[in-house]
Structures are given as C-alpha cells and as structure tokens.
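As structure tokens, the structure follows; a few thoughts come after it.
Only heavy atoms go into these numbers, but all of them, side chains included; no hydrogens, no water, no symmetry mates. Chain A is the first sequence line, chain B the second, and so forth, proteins listed ahead of strands; every chain is numbered from 1. Treat the numbers as computed from the prediction; the structure is a model and nothing was measured.
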Amino acid sequence: MAKAKLQAPKGVSEYVPPRSRAFEFVRDCLINPARKAGYQLIELPVFEDTELFTRGVGESTDVVSKEMYTFEDRGGRSITLRPEGTAGVMRAVIEHGLDRGQLPAKLWYSGAFFRAERPQAGRYRQFYQVGIEAIGLDDPAIDAEVIAIADAGFKAIGLSKYRLDITSLGDAQSRSAHRVDLVKFIATLDLDEATKARAELNPLRLFDDKRSEIAQAMQGAPLLMDYLSDASRAHFEKVKEYLDALGISWTLNPRMVRGLDYYTGTTFEFVHELLGAQSGIGGGGRYDGLMAELGGQELSGIGFGLGVDRALLAAEAESLIESDDFVSDLFIIPLGELAKRTSLEIAAQLRKLGKTVEIAFGDRALKGAMKAADKSGAKYVIVLGDSEITSGSVELKEMKSGITSSVTIDSLITALSK
RNA sequence: GUGGGCGUAGCUCAGCUGGUAGAGCACUCGGUUGUGGUCCGAGAUGUCGCGGGUUCGAGCCCCGUCGCUCACCCCA
C-alpha cells in the first residue's frame, strides 16, 4: 500500500464486525462470574503517574524496565499508560478510602492495557483484560473463590482445553530463605551476561527461561515450595483443598514464575493448549505487601487478570465461536418518503419495548433490501409502503420459513413477541 | 533488542524459464413492475507495499526501505 495510507499503530488488537461480536461475548463471559460473586465495577484511567508502576509492579520486572509507554505531559509530569490493572486499583482504593469500609473490598474492571513489546501471536501493544481484586482478607477460601471465578469465566465461553497451574510464593520469610540458596545455586551455573543480570534482579525468573540449556541447568535448583513457612504451607494446603472441593482441577507447578514483583503466597496461571507461544490466558495471585508499598494500610489482597484477546483466540482455536449469533427481531423496508418517516416511528416504539429493529434506508431496490434483511439475520421483515400506511396493516414475513401473515402495525409488538 | 517467513482487488489467494494482472468469495445492477436464500447474466474495484538497479521489456531478478507476521527475551 502507498506510504501515505493511515493505519493502526503497530501491534494493537482491533475488533471489527463480525469478530467484534465474539470479542463482546468472550468479555462478557469473563466479567459475569465476578458480578455474580458480589464484585463491583471500578473504572479507572488508562494512564497513571509513572511512579505508581515503578513502585507497585517493581523496577526489576521487564514490564517496568522496558515495556512501559511512558511520556511527559504538558506539566512535565511523567505519565505511563497502564501496563496492568492491580497497581491502579490499589491506588484508587487508598485514594478513595475503600479500604476503610467493609472488607474485603471486591472490585472488577475491564479495559485496555499497554505494553511496548514486540508483537506476536496473542501479544499486543494494546490488549484487553478483565480483572478482579479482593482486598483485605487473607482467608485461603477467597483464594479458591477468586480462582473459581476465573475458571467459571473460561468455562462460560466453553473453553476446555486449558489447565490451571498453581503454586505458592510464600511469605517474605519463606522467600528470603529460598533466595539465599537459589542465588548460591545460580552462581555455580555458566550463564551469559544478560541472563546473569536478570538473575541478579530476580533469580526466580530463571525458572521461566525457555532455552533448553537453561531449563536443564535449572533442573537441580532449589524450589521455593520446599522453603515455605508453616503458615504459608498451611494456607496453600487449604487453597488446594477448597479447589478440590469445587471440582476444579489444578496442577502444582513449583517452577511457575509471575512477571510482576508484587506477588506473594498463592499464585496461579491458566494455560491454554492450542495457543502459540503466548499461551497464558489468565493469571493472578496474592499480593500481601502491595497496599503498604503504595502508602496504604497493611492489607492483604488477591486478584487476577484475564486476557480477553487470548481467551478469544483460544475460543476460536477450540471452534467455539458461532459466526452469526446476532439477529434483529424486525427489519423494516420503507418504500418512499412517508414510509421512511413512519418506519422511524415504528422502530423507535418497538425498540422502547425491547425489540431490536433495523431499517433499510437509502431507497435501494426492494430485492437488494430483502437481501440485506437476509444477511442481517433478522427474524421478521415488513415492507412498508403507502398502501400499508393507509390501511394500517402489513405483511409480516418470517424469514426462516418464508411465511407471511397480515398484522396491523399497532399489533406488531405482540406478533414479534410470539 | 535478536532471528525466520511474507507483502498482488474489500477478503483468501493464483500468476510458468521475465512479455506491462487473474480466480473464488463479497459488493452493485438486471433476469423476476412491491418480497431474501438457488440459478443465470452484466458491472465496479489494483499506482502488484515503496524507492532504486539490471533489461528492449520487471508482479517475477538484484539492492535498499517500509509494513505485516511468527519465534526468542518476557508476558494477558
């Protein structure tokens, strides 16, 4: 194409019809379980003070060190397009005193997030997540419920070819004991400079390296799971027990690593089998130090982020998406100027009563309009001309059967509701 | 940041050892004066990503460039 042609910025996900319908469906499936569990909407800005993320997410993470969209606003403040949801929710909870009321505070959100990465299948620079956060309760039962809510979302879509990985990162005590031994172990490995630097920032990251020589070398590394304090272990055992009781199958993955520094205790990840390299469709965990880190009270929290784009990709990979699940109740074809006006009135009436109504504007040939009606998937069609308006009755055609019946315009609503 | 693949109509793609573009789908109109799906006919749509080079001649070969895509690092 010519270079003057405008196009979307690199690596963003866009959803246009008809696929946008599937996107909407997937997103709603992921949101509804949270609503049913008493979580309430929190709608936040897509940009925040950069410091929120450097402090909240952690400077050692790739997300913060090289993937943030950061810029200066006109007042010279450093602003960043949100790369994830939890930090912003914590900020708002503290700012609005939601942590002073009934606990836990249970919130859900849905929207766009941004990371300046090299795009690939299932990884976009602007992507969509649905997330929840439960703040102020460290009962293992809520860990299980949070996981169950995510699972219910995926199941509502119809997904089945995925697994749930869980582990516990323990409390601060558990982690520092493990870290000492892990660092010692890593020091015995022969690593390139970049990997060494990464290990220094967060040695756990090496567990997630996909290069086979690294994975092999890490086989004998000490596992955090073996360093859990009694309290952390007991908490984690309970979580597993509750998941079993819920009939949610899980896989213990002691090598699982999450990319954000705030995670503690229970962490989990949903991995889909049919996706490419970016197979994580959702994940989350506890973040018991985050509130305090951001200047709030010492409150624990747990939450998840689910990838809407990836869940859609997964649904398509499992052939779950029906191409035409949207249908209008009625399609009106007006013939002439008066009919056009009357159509608008009829449509407005019926829409007020809850019907989905489309009108074929543009004075096209009747055959073309019928074709458009057919394509739209409308259940019924009426042709509205002068004779119909004067007589007050129309031929209501049921598209599927082709049968028409004569009904008065005033009784359309009852005819459509049959 | 690193590596591979690919750029031809709105979409999916074909285009032979170089001879200045084609199919299917979709779209519009007609066959059928105010009733869709099938069928038949007609029509519209391209600076072959862009720039340069080789050649009598480039969609095809060469160089550059931009874009897309997949993978690595990492993540939803």
Side-chain angles (χ1 to χ4, degrees), chain A residues 1-5 7-13 16 18 30 57 60-67 82-86 110-131 150 192 194-195 197-198 201-202 205-206 208-212 214 257-260 269-272 275-284 304-314 331-336 339 360 362 364-378 380-388 394-404:
Chain A
M1 293 293 134
K3 56 184 153 183
K5 187 172 183 176
Q7 53 181 352
K10 190 186 185 73
V12 300
S13 63
V16 301
L30 296 178
V57 177
S60 80
T61 62
D62 276 30
V63 168
V64 168
S65 62
K66 58 181 205 193
E67 295 168 5
R82 61 183 184 185
E84 61 93 53
T86 305
S110 163
F113 296 85
F114 308 85
R115 289 183 200 171
E117 302 175 88
R118 200 71 173 258
Q120 71 186 75
R123 185 170 71 187
Y124 308 103
R125 291 184 169 181
Q126 173 171 336
F127 57 100
Y128 295 86
Q129 277 192 9
V130 167
D192 60 277
T195 311
R198 212 147 56 83
L201 286 169
N202 185 348
R205 292 269 148 67
L206 288 203
D208 210 25
D209 204 305
K210 281 185 192 160
R211 290 170 295 184
S212 62
I214 308 272
V257 181
R258 309 255 343 129
L260 311 178
E269 201 166 78
F270 290 87
V271 182
H272 198 268
L275 263 29
Q278 312 306 323
S279 56
I281 51 176
F304 63 59
L306 311 180
V308 182
D309 314 83
R310 288 188 189 175
L312 173 57
L313 254 18
F331 198 96
I332 304 176
I333 300 174
L335 300 176
R364 20 184 354 203
L366 182 59
K367 177 172 175 160
M370 281 303 292
K371 237 174 155 178
D374 187 39
K375 291 265 160 57
S376 82
Y380 292 96
V381 172
I382 60 170
V383 175
L384 196 69
D386 292 342
S387 60
E388 283 82 1
V394 293
E395 290 296 312
L396 182 65
K397 180 166 191 171
E398 199 210 348
M399 291 301 272
K400 211 170 161 193
S401 63
I403 297 167
T404 63

Review point. For the pair made of CG in A/Asp386 and C1' in B/rG34, what is the distance, rounded to whole Å?
Key: 11 Å

Review point. Contact class for A/Lys371 (heavy atom, under 4.0 Å): base, sugar-phosphate, or nothing?
Key: sugar-phosphate

Practice item. Find the distance A/Lys400:NZ to B/rG36:P and express it as a whole number of Å. Key: 19 Å

Check your understanding: At under 4.0 Å between heavy atoms, what does A/Thr404 touch on the DNA or RNA strands: base, sugar-phosphate, or nothing?
Key -> nothing

Check your understanding: When the distance from CG of A/Leu312 to C1' of B/rA76 is rounded to whole Å, what number comes out?
Key -> 13 Å

Practice item. Report which part of the nucleic acid A/Gly131 touches: base, sugar-phosphate, or nothing (heavy-atom distance under 4.0 Å, all strands). Key: nothing

Exercise for review: Return the value, rounded to whole Å, for the distance between atom CZ of A/Phe304 and atom C1' of B/rC75.
Suggested key: 18 Å

Practice item. Would you classify A/Ile281 as touching base, sugar-phosphate or nothing, given that sugar-phosphate means primed atoms plus P, OP1 and OP2, and contacts are heavy atoms under 4.0 Å? Key: sugar-phosphate

Exercise for review: Sticking with atom P, work out how far B/rC29 lies from B/rA21, rounded to a whole angstrom.
Suggested key: 30 Å

**Study point:** Non-hydrogen atoms of A/Gly385 and A/Ala339 that approach each other most closely
**Key:** CA-CB, 4.4 Å

Review point. Using atom C1' of each nucleotide, how far apart are B/rC6 and B/rU12 to the nearest Å?
Key: 15 Å

Point to revise | Residue whose closest nucleotide on RNA chain B lies nearer the 5' end, A/Ala372 versus A/Ala365 | key: A/Ala365

Point to revise | Distance, P atom - from B/rA9 to B/rG46, rounded to whole angstrom | key: 10 Å

**Study point:** d(CZ, A/Phe331; C1', B/rG37) in whole Å
**Key:** 15 Å

Review point. Are A/Arg205 and B/rC75 close enough that a side-chain N or O sits under 4.0 Å from OP1 or OP2?
Key: yes

Practice item. Considering only NZ, NE, NH1 and NH2 on the basic side and carboxylate oxygens on the acidic side, decide whether A/Glu117 and A/Arg123 come within less than 4.0 Å. Key: yes

Practice item. For A/Glu388, answer base if it contacts any base atom (sugar-phosphate contacts may also be present), sugar-phosphate if it contacts only those atoms, and nothing otherwise; contact means non-hydrogen atoms under 4.0 Å. Key: base

Exercise for review: Give A/Arg118 one of three labels, base, sugar-phosphate or nothing, depending on what nucleic acid heavy atoms sit under 4.0 Å from its own.
Suggested key: base

Practice item. Among B/rU35, B/rG34, B/rG31, find the nucleotide with the atom closest to the side chain of A/Lys367. Key: B/rG31

Point to revise | Distance, P atom - from B/rC63 to B/rG4, rounded to whole angstrom | key: 14 Å

Practice item. Under a 3.5 Å limit for both distances, which nucleotide forms a Watson-Crick or G-U wobble pair with B/rC72, could you say? Key: B/rG1

Check your understanding: Under 4.0 angstrom, heavy atoms only, what part of the nucleic acid is A/Tyr124 near: base, sugar-phosphate, or nothing?
Key -> base

**Study point:** Rounded P spacing from B/rG41 to B/rG24 in Å
**Key:** 11 Å

Revision key, fill the gap. Between the CZ atom in A/Arg115 and the NZ atom in A/Lys66, the distance rounded to the nearest 0.5 Å is 12.5 Å

Exercise for review: Name the nucleic acid region contacted by A/Ala373, choosing base, sugar-phosphate or nothing; use a 4.0 angstrom heavy-atom cut-off, strictly under.
Suggested key: nothing

Check your understanding: What distance separates A/Leu275 CG from A/Leu313 CG, expressed to the nearest 0.5 Å?
Key -> 5.5 Å

Check your understanding: Toward the 5' end of RNA chain B, which comes first, A/Gly385 or A/Gln129, by nearest nucleotide?
Key -> A/Gly385

Exercise for review: Check whether any side-chain heavy atom of A/Ser13 sits under 4.5 Å from a side-chain heavy atom of A/Tyr128, and report yes or no.
Suggested key: yes

Point to revise | Length of the line joining A/Arg82:CZ and B/rA76:C1', which is rounded to integer Å | key: 13 Å

Point to revise | Interatomic distance, A/Asp309 CG vs B/rA76 C1' [rounded to whole Å] | key: 8 Å

Check your understanding: If you measure from the ring centre of A/Phe127 to the centre of the six-membered ring in the base of B/rA76, is it under 5.5 Å, with the planes under 30° apart?
Key -> yes

Review point. About how many Å separate CD of A/Gln278 and CG of A/Asp309, when rounded to the nearest 0.5 Å?
Key: 12.0 Å

Exercise for review: Mind checking A/Arg115 for me? I need base, sugar-phosphate or nothing, with any heavy atom below 4.0 Å counting as a touch.
Suggested key: base

Check your understanding: Separation of A/Lys375 atom NZ from B/rC25 atom C1', in whole Å?
Key -> 11 Å

Review point. At under 4.0 Å between heavy atoms, what does A/Glu84 touch on the DNA or RNA strands: base, sugar-phosphate, or nothing?
Key: nothing

Review point. C1' atom, B/rG57 versus B/rU17: distance in rounded Å?
Key: 16 Å

